[in-house]
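Written below as structure tokens is the structure these notes are about.
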Amino acid sequence: MPMNSTTPGNAIRELYAALWHFAAGARGQLLGATALLGVSQLIRLTLPYLAGQAINALQRNEFGAAGRWIATLAGVYIGAWALHGPGRILERNVGVKVREALADRLYARIAAAPLAWHDSHHSGELQHRVHQASRALADFAQNQFIWLTNAVNFVGPLVALALLSRTSGLTALAGYVLIAIVIVRIDRALMRLARAENDADRRYVAALLDFLGNASTVIGLRLQGASRLLLRRRMAAISLPLKRTVVLNEGKWFAVDLMGLALTWGLVVIYVWQARTPGQAVMLGAVFMIYQYAQQAAGVVTSVAANFQFFARMHTDYGSAEPIWQAPMSHAEESPPEQVPAHERIAPDAAWKTLEVDGLQWNYAVRGSAAAAGEPARGGLKAVALTLRRGERIALVGPSGGGKSTLLRVLAGLYAPHGGTLAIDGQPADWTQLRRIATLIPQETEVFEASVRENLSFGQPFADEALHAALHASAFDEVLVATHGNLDTPVSERGFNLSGGQRQRLCLARGVLAAQGSSLLLLDEPTSALDAGTEARVLERIASAFPNACVIASIHRLSLLDRFDTVVLMEAGRVLDAGPRDAVLKRQPLLQRLAAPGEERAAA
Ligand SMILES: Nc1ncnc2c1ncn2[C@@H]1O[C@H](COP(=O)(O)OP(=O)(O)OP(=O)(O)O)[C@@H](O)[C@H]1O
């Protein structure tokens with residue numbers, strides 16, 4: 001539901017279109033709520049009239065008639081509430097439904113976006129956008145009664161006043177138009193400030209998330225003061241538009257209050273002026289009615305001023321999701337959650353024998369000041385050629401920054417290459433096919449605050465045997481035995497209650513489980529935090545868990561090379577050489593240097 005509004009009319013249309021779209025499944029409730037609230041508001045319009053009649057009857061000493069007017073008034077009041085209450089309950093249900101639907105759709109869009117898109121979007125900012133947009137639409141959905149009240153209260157008093165006196169009706173109409181112009185003008189400026197405030201707010205949230213999520217780095221490196229200063233600067237950036245908003249807002253309220261007051265008294269004075277007959281008293285009930293309707297009119301002015309601002313804010317906040325809607329589309333994200341497979345489908349036991357990559361090119365997007373200065377992209381892959389065979393064990397080695405992780409991401413189908421060809425068993429193939437056969441177990445050890453079981457399965461129903469097999473492959477079973485833990489042992493946020501190596505083994509187990517059925521297994525420094533003995537054991541176990549797959553592991557500990565059939569040496573985004581370990585070692589001084597005692601870790 002992208003937005004492109006520049007006028008209040010468009011903004012209103014966009015929000016209602018979004019509300020209708022995301023209320024699918026609750027549209028009956030939405031219509032029901034609108035009907036109940038609308039009727040309730042309409043019958044409330046008669047209250048000043050009924051009160052006026054009761055007062056007039058009292059003034060004329062007609063107590064029986066006065067009693068009947070008062071009883072009708074009480075009945076109408078209670079009847080209005082009897083409609084309003086259920087209407088509000090329905091509309092709040094719609095609000096919840098809309099929030100669920102929008103949050104789900106936005107997350108689906110984010111999760112389906114290519115990895116390269118994620119590289120340029122901070123997770124904290126995206127989190128803020130999802131939260132802000134879904135909350136804004138839910139607020140809009142569950143506050144429909146305000147707009148209905150305003151609409152009815154706008155038209156109602158106008159009609160009533162026009163019936164009582166045409167001049168009063170026209171004066172009220174002219175007053176409304178003038179006030180609406182002032183409000184819309186000021187609110188446009190307020191919305192520009194709100195957008196600036198939202199942007200600054202997201203920058204703050206992103207930094208806060210970075211610091212809180214990396215508390216051990218912040219505290220360990222004594223960066224508390226520095227991080228606090230940075231947060232204060234980002235908070236100050238929020239205050240800047242906020243301060244301007246406050247001043248503008250006060251100006252707006254002064255204008256609105258003044259105009260509302262003038263309208264109320266103006267209407268009463270005009271009526272009394274017109275209705276006066278020398279020597280005769282003006283009927284109190286009629287003045288009361290005029291005053292009530294005039295006050296309602298003034299009330300609408302205040303309410304419209306407040307709620308238009310609220311509305312415009314919701315529209316701006318809903319618009320926060322714009323960059324997410326701009327993310328490249330995928331089919332999975334359009335499907336309802338229950339129809340989306342928990343894991344992207346792998347083609348188990350795909351029949352390929354060889355994969356040939358030729359002339360592979362990939363460039364990272366140039367961003368920020370480098371882009372402004374017209375600098376070319378650094379990193380990436382240049383004319384990579386590689387042949388992968390089923391059942392082969394390949395070690396990917398080379399100095400840091402050489403392009404190993406990038407190549408693994410392309411082979412996993414996570415980056416769509418900018419050039420080059422792929423052939424499967426000699427037949428030209430599309431790079432997207434890799435997604436169905438390959439699984440990349442990433443370098444990052446991302447542990448979630450959940451049990452061991454949930455960290456592995458993400459709540460999907462895996463048999464315990466499958467979980468235990470994955471834990472065995474990564475040697476995390478040894479950790480559970482040593483700590484008397486089991487599948488239901490809780491793990492703290494980011495795995496703070498685990499050592500670095502234990503975290504890595506837990507993540508590796510998750511990867512092994514997710515990779516079931518893959519015929520191309522890609523491991524990005526899977527064992528870098530393990531001791532040499534455990535590392536060798538884990539690599540051995542993983543290889544035997546995927547006997548028919550081609551396994552490629554990027555490694556820095558070159559003493560492990562004799563466990564692989566093939567060594568691929570990379571530097572500066574190119575494949576320098578590939579072949580059996582001894583042959584490459586003989587040909588490549590770079591590999592000799594990297595493999596020299598004392599050099600292994602330096603290369604990492
Ligand atoms: N998301 C990214 N955006 C921009 N440039 C990137 C990104 N990821 C990597 N690079 C750049 O691409 C080059 C290759 O990085 P890559 O991570 O593939 O190297 P690597 O061989 O895996 O290194 P290491 O052994 O240190 O993990 C580096 O110059 C790096 O700065």
Side-chain angles (χ1 to χ4, degrees), residues 110 113-126 206 210 327-328 357 360-386 394-420 431 434 438 440-446 500 503-504 507-508 511 521-530 535 539 551-561 564 566-578 584 588 590-591 593-595 599-604:
I110 292 172
L115 196 61
W117 182 85
H118 283 266
D119 286 350
S120 56
H121 291 83
H122 192 286
S123 56
E125 290 194 17
L126 290 175
D210 280 344
V357 170
L360 168 57
Q361 296 282 349
W362 164 263
N363 305 312
Y364 284 107
V366 189
R367 283 192 295 274
S369 53
E375 287 179 26
R378 295 207 188 92
L381 300 172
K382 296 170 192 97
V384 167
L386 207 58
I394 301 173
L396 197 54
V397 298
S400 177
K404 301 182 291 296
S405 301
T406 310
L407 176 61
L408 291 177
R409 284 185 207 145
V410 172
L411 291 177
L414 296 172
Y415 287 159
H418 300 126
W431 294 100
L434 290 170
L440 169 65
I441 302 183
Q443 193 172 8
E444 296 77 22
T445 51
E446 281 152 359
R503 274 201 286 273
Q504 193 169 45
C507 294
L508 204 44
L521 183 65
L522 308 163
L523 307 163
D524 197 354
E525 300 196 33
T527 48
S528 55
L530 306 186
E535 181 170 32
L539 284 176
V551 180
I552 311 181
S554 125
I555 55 165
H556 279 294
R557 192 177 274 142
L558 301 191
S559 53
L560 292 166
L561 285 188
F564 293 87
T566 306
V567 173
V568 173
L569 177 64
M570 288 194 76
E571 190 189 30
R574 296 177 191 280
V575 170
L576 292 190
D577 204 344
V584 179
Q588 295 297 335
L590 172 62
L591 189 60
R593 273 204 309 282
L594 292 174
E599 286 299 313
E600 285 191 351
R601 301 313 300 172

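Along the sequence shown, residues are numbered consecutively beginning with 1. First listed ligand is number 1; within each ligand, the first listed atom is number 1. Predicted model only: the values in this text are computed from it and were never measured.
- Atom OG of Ser120 sits about 10.0 Å away from atom CG of Leu115, to the nearest 0.5 Å.
- Less than 4.0 angstrom separates some heavy atom of Gly380 from each of these atoms of ligand 1: 12 (O).
- Each of the atoms 17 (O), 18 (O), 20 (P), 22 (O), 27 (O) of ligand 1 lies under 4.0 Å from some heavy atom of Ser405.
- Set against the non-hydrogen atoms of His556, the atoms of ligand 1 under 4.0 Å away are 25 (O).
- Taking OG1 of Thr406 as the start and CG of Asp524 as the end, the distance is 9.0 Å to the nearest 0.5 Å.
- Heavy-atom proximity to Gln443, at under 4.0 Å, picks out these atoms of ligand 1: 27 (O).
- Of the options Leu434, Leu396, Leu411, Ile394, a side-chain contact (heavy atoms from CB on, under 4.5 Å) to Leu522 is made by Leu411 and by none of the others.
- Of all atoms in ligand 1, numbered sequentially from 1 with element shown, those under 4.0 Å from a heavy atom of Gly402 are 19 (O), 20 (P), 21 (O).
- Among Tyr415, Trp362, Tyr364, the residue whose heavy atom lies closest to atom 10 (N) of ligand 1 is Tyr364.
- For ligand 1, the atoms lying closer than 4.0 Å to a non-hydrogen atom of Glu525 are 24 (P), 25 (O), 27 (O).
- Ligand-side atoms of ligand 1 in range of Thr406: 14 (C), 15 (O), 16 (P), 18 (O), range being under 4.0 angstrom from any heavy atom.
- Remark: side-chain polar atoms of Lys404 are paired, donor with acceptor, to backbone N or O of Pro399 under 3.5 angstrom.
- Residues satisfying the salt bridge (charged side-chain N to carboxylate O under 4.0 Å, His left out) criterion with Asp210, sequence neighbours excluded, are absent altogether.
- Between Trp117 and His121, the ring-plane angle classifies as parallel under the 30° and 60° cut-offs.
- In this structure, Gly398 does not count as a contact residue of ligand 1, since none of its heavy atoms falls inside 4.0 Å of the ligand.
- Remark: side-chain polar atoms of Gln504 are paired, donor with acceptor, to backbone N or O of Glu525 under 3.5 angstrom.
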